[in-house]
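Side chains included, hydrogens not; waters and symmetry mates left out as well; all remaining heavy atoms used.
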Amino acid sequence: EFVAALLSIACMCFLGFADNVLDLRWRHKLLLPTAATLPLLMVYWVNGGVTYVMVPNFLQPMLGGVVNLGILYYIYMGMLAVFCTNAINILAGVNGLEA
């Protein structure tokens, strides 16, 4: 698990370096973070990670207390990692840290 986390962090550091040096296009900025999340998601899947999500109180009569997302959980977590890296990159450009 620790090695997968280090591999993901190293991939994201490589993405930041490559973006600054090579001026990557937007499609590469979407593909590389997705590939960087794969080691973490695969370790989570192999170790029998839980894909259940708690449902808010007002939806519990319709859906029950918990919902098993299955494969959608992994897709969501991959998309969340891409969103977070791009949001941090955009925020750094907006507030002048990269000026």
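Take Pro56 and apply the side-chain contact (heavy atoms from CB on, under 4.5 Å) test, not counting sequence neighbours, and it matches Phe58, Leu59. Under the rule for a side-chain contact (heavy atoms from CB on, under 4.5 Å), the partners of Cys11 that lie at least two apart in sequence or sit in another chain are Leu7, Ala36. Here Val50 pairs with Tyr44, Tyr52 under the side-chain contact (heavy atoms from CB on, under 4.5 Å) rule; sequence neighbours left out.
Smallest separation of non-hydrogen atoms from Thr37 and Ala81: CG2-CB, 3.0 Å.
Evaluation of the side chain to side chain donor-acceptor pair (under 3.5 Å) test over residues 58-82, restricted to residues two or more places apart or in two chains, returns Thr51-Asn68.
A distance of 7.0 Å separates CG of Leu41 from CE of Met77, quoted to the nearest 0.5 Å.
As a member of the Ile/Leu/Val/Met/Phe/Trp/Tyr network built from side-chain separations under 4.5 Å, Val66 groups with Met54.
No continuous path of ILVMFWY side-chain contacts below 4.5 Å connects Leu31 to Phe83, so the two sit in separate hydrophobic clusters. Linking Ile, Leu, Val, Met, Phe, Trp and Tyr residues whenever their side-chain heavy atoms come within less than 4.5 Å leaves Leu6 and Leu38 in two separate clusters.
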